[in-house]
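The next block holds one structure in the form of C-alpha cells; read it before the comments.
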Amino acid sequence: MTEHASAEAETHTHFIHEIINGDLASGKHTTVITRFPPEPNGYLHIGHAKSICLNFGTAVKYGGRCHLRFDDTNPAKEEVEYVESIQEDIRWLGFDWGDHLYFASDYFQPLYDYAVSLIKQGKAYVDDLTPEQIREYRGNLKQPGKNSPFRERPIAENLDLFERMKNGEFDEGSRILRAKIDMASPNMNLRDPAIYRIKKAHHHRTGDTWNIYPMYDYAHGLSDAIEGITHSICTLEFEDHRPLYDWFLDNLDVPCHPQQIEFARLNLTQTIMSKRYFLRLVNEGHVSGWDDPRMPTLRGMRRRGYPAAALRTLCEKVGVAKSNSIVELAFLESCVRDQLNQTALRRMAVLDPIKLVITNYPEGQFETFEADNNPEDPEAGTRPVLFGRELYIERSDFMEVPPKKFFRLAPGQEVRLKHTYYVTCQEVVKDENGEIVELRCSYDPLSRGGGTEDGRKVRGTLHWVSAAHAQPAEVRLYEPLFPENPDSEKDFAEQLNPNSLKTIQAWVEPALAEGQPGDLFQFLRNGYFCMDADSEPGKPVFNRTIGLVDSWAKMQKNQGSPA
RNA sequence: AGGGGUGUCGCCAAGUGGUAAGGCAGCGGAUUUUGAUUCCGCCAUUCCUAGGUUCAAAUCCUAGCUCCCCUGCCA
C-alpha cells in the first residue's frame with residue numbers, strides 16, 4: 001500500500017544524517033557517497049542488513065550513491081561463492097549499486113605504490129621479527145611496546161626488501177611491512193601496525209600475481225579515498241582504528257579524505273550472529289544449511305518468508321545510535337506481521353484435522369463460495385472455495401467441555417464456518433480409545449454466506465477445508481533456535497531449542513497447490529506461511545513464517561498462571 | 001592515572017537549558033464473517049549516582065559508577 005511505502009521512505013534522522021547535513025550545509029561536500037564493504041567470506045545476516053540499509057538508504061536519501069565493495073584482502077579466507085551470494089542478498093533486500101561494484105583487490109597496484117611512498121618518506125619499514133616477537137614487542141594494555149631492532153632500517157634497504165617480499169623471495173611470516181608510528185601509543189592500533197604480510201595464496205580475482213596482501217586498516221581507508229567516498233560508515237569496534245584510518249590518509253597523497261563514522265551494530269535476542277556459530281549449526285547438523293528458515297541469515301529469513309520490506313522497516317524503526325543494544329525478536333516479528341498482513345493472500349488450511357459431518361446437508365452436493373483473498377486489500381480479488389457435507393476443522397476448535405468464553409465449537413454450540421454457513425454440533429463420535437474422531441453437526445440453510453436475517457449472534461468463526469477437495473501438504477513449524485537469550489559462557493549447543501522444527505501433515509484448500517516457492521500466504525487463524533522450494537507438484541511444502549497474534553492463547557496462559 | 005566508547009520505561013529510541021516524542025512489549029476496552037487486522041485508553045514527577053551552576057538542567061560543570069571495545073602477519 002502507498003501509505004506503507006511512504007512510511008518506509010520517511011526516514012528518521014539520526015546523528016549520522018546530522019553530520020551529513022552539516023557537511024552539506026558547510027559546503028564540505030556537495031554529494032554523498034557511501035559504501036558497503038563486505039568481506040566475501042560468508043553469507044550475509046540480519047546484522048549486515050542494518051549496515052546495508054544505512055549505507056544504501058543514506059545514498060538514496062541524499063541523492064548520492066553507494067558502492068558495493070568487496071573487501072577481499074585476505075585470499076586465505078575468501079571465495080567467489082560468497083561474492084555471488086552477497087550480491088543476490090543485497091538485491092533481494094531491495095538495493096542497487098548500479099555500476100559501482102568494486103573490489104579492494106582492484107587497488108592492489110596503487111595500494112602497493114602507496115606503500116612504497118610510505119617507505120620513501122621513512123614512515124614504513126620491513127620488520128624481520130617473528131610473529132611471536134612482534135607480539136612481545138607490542139607490549140600490552142598497561143605496558144608500552146618497544147621498538148623493533150629493524151625499525152631504523154635504511155630506506156633503500158626497506159625498498160629492496162619490500163620489493164623482494166612482493167616478488168615472493170621470502171617465506172610467509174618471515175617478514176612484514178609496518179607503519180612507523182608509535183610503539184608507546186596507548187592506542188594499540190598505532191603501535192607500528194602491519195600494512196603488508198606475505199601470503200602465497202591464490203586470490204579469487206588476482207590469482208597468483210601477488211605474494212603480499214595489504215591489511216584491512218591500510219586497504220580500507222585508501223580504497224575509500226580512491227573511490228571518493230565521503231562518509232565511511234562502520235561499526236563501533238572500529239572506533240579506535242579511526243586514528244589509524246586518518247593517519248594513512250594524512251600521510252599519503254590521496255584524492256580525498258573520507259570521514260569514518262561508527263554506529264552500533266544490530267543484535268537480536270534469542271540469536272547469535274557470528275560466522276563461527278553459523279558454521280557449527282550447519283556442520284553439526286542442527287540446521288539444514290545456511291538458508292535454513294531458522295537461520296538469521298538473509299537467505300534463511302527469505303526462505304522463512306520474512307519479506308525484505310519488513311527487514312527494511314525493522315532497520316528503520318530500530319534507528320541508528322552508538323549505544324550497544326539488543327533488539328527483542330518480537331520487534332522484528334511485529335514488522336514481519338505488519339508487512340504480511342497487508343500483502344499475504346488468505347487461504348484456509350487445517351493443521352490438525354478432525355472430521356466434521358453436516359448431517360442435514362445432502363450427500364454428494366457441493367457449493368462454491370467466493371472468498372476474499374485479502375480483506376486488507378480489495379484489489380487482491382477473490383477465489384472460489386468448495387463446500388460440502390464432509391469437512392475438516394481444527395481439532396483445537398472443538399471442546400467437549402468448553403470453558404467460559406470459548407466461542408468455538410462445542411456440543412449444542414453454534415459457530416460460523418468462514419464464508420459459508422452456521423453449524424451446530426449435535427453429536428460427538430469417539431473411537432474405542434475415547435478419542436474424538438468425528439463431529440456430527442447440523443447446518444442452517446438460511447445462514448448461507450455467513451449471516452442470518454434474524455441477526456442472531458455467532459461469536460466464533462472457524463476455518464475449514466472440504467474433505468473431498470483438500471490437498472495434503474507438508475507444513476514445517478518453527479520456533480526460535482534459542483528459547484531464551486543464549487548465555488555466551490555456556491556451549492550454545494546445549495542451549496538449543498529441541499523443538500525449533502516440527503514437521504506435520506496438513507490439509508490445505510486446492511488453491512494452495514498452485515503456488516510457487518516463495519509465495520506468501522496467511523492461513524486463516526493459523527499464521528503466515530511461505531511455500532518452500534522443497535515443494536513438488538502435488539506435494540507442496542509450507543514454512544510457517546510466523547503465527548498470528550493469539551489473544552485467546554494469551555488469555556488462557558494468563559489464567560493458567562495467575563501472578 | 002592504559003586508550004576509546006556508552007548509560008533516558010521490560011526492549012529500541014527522540015531530546016542539543018524552558019519543564020520527558022514515538023515504536024515494540026504489556027495492560028484495559030470498542031469494533032470484527034480471521035479470538036487476526038483496525039480503533040480508543042493506560043503505561044518514566046523522572047533521565048546511572050552524588051554534588052554544583054541557573055529563575056529553570058536529561059541537557060552545562062565537578063567527582064564517581066556501569067556496561068562494551070582494543071594486546072590477529074582477521075575484517
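Chain identifiers are assigned alphabetically (A, B, ...) following the order of the sequence lines, protein sequences preceding nucleic acid strands; residue numbering begins at 1 within each chain.
- As judged by a 4.0 angstrom heavy-atom cut-off over every strand, A/H463 is placed among residues making no nucleic acid contact.
- Among the nucleotides B/A25, B/U34, B/C68, the one closest to any side-chain atom of A/N324 is B/C68.
- Near RNA chain B, meaning a heavy atom under 4.0 Å from it, residues 133-144 of chain A has A/I134, A/R135, A/R138, A/G139, A/N140, A/L141, A/K142 in order of number.
- Under 4.0 angstrom from either OP1 or OP2 of B/C74 there lies at least one side-chain N or O belonging to A/R197.
- Here A/G173 lies in heavy-atom contact (under 4.0 Å) with a base.
- Taking the six-membered ring where the residue is Trp, A/W507 and A/Y392 present parallel rings, their angle staying beneath 30° rather than reaching 60°.
- Phosphate contact (OP1/OP2 of B/C68, side-chain N/O of A/S323, threshold under 4.0 Å): absent.
- Side-chain N/O atoms of A/K275 include none lying less than 4.0 angstrom from OP1 or OP2 on B/A75.
- Residues A/E237 and A/T235 have side chains that bring a donor and an acceptor to within less than 3.5 angstrom of each other.
- If you check every strand for non-hydrogen atoms under 4.0 Å, A/V415 touches nothing.
- Defined by atom type and a distance below 3.5 Å, a donor-acceptor pair is missing between the side-chain atoms of A/N374 and A/E376.
- Distances shown here put every side-chain N or O of A/T269 at or beyond 4.0 Å from the OP1 or OP2 atom of B/C11.
- No engagement by A/S396 is indicated, since no non-hydrogen atom pair under 4.0 Å with the nucleic acid exists.
- The residue A/L129 sits close to a base: some heavy atom pair falls under 4.0 Å.
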Please tabulate the protein-to-nucleotide N/O contacts below 3.5 Å involving nucleotides 35-37 of chain B, giving atom names and distances.
| residue | atom | partner | partner atom | Å |
| --- | --- | --- | --- | --- |
| B/G35 | OP1 | A/R525 | NH1 | 2.9 |
| B/G35 | O3' | A/S551 | OG | 3.4 |
| B/G35 | O2' | A/S551 | OG | 2.2 |
| B/G35 | O2' | A/W552 | N | 3.4 |
| B/G35 | N7 | A/R408 | NH1 | 2.2 |
| B/G35 | O6 | A/F407 | N | 3.1 |
| B/G35 | N1 | A/K405 | O | 2.8 |
| B/G35 | N2 | A/K405 | O | 3.2 |
| B/A36 | OP1 | A/S551 | OG | 2.9 |
| B/U37 | O2' | A/N341 | ND2 | 2.9 |
| B/U37 | O2' | A/E376 | OE1 | 3.3 |
| B/U37 | O2' | A/E376 | OE2 | 3.1 |

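- By the salt bridge (Lys or Arg N to Asp or Glu O under 4.0 Å) test, A/R205 pairs with A/D106, sequence neighbours left out.
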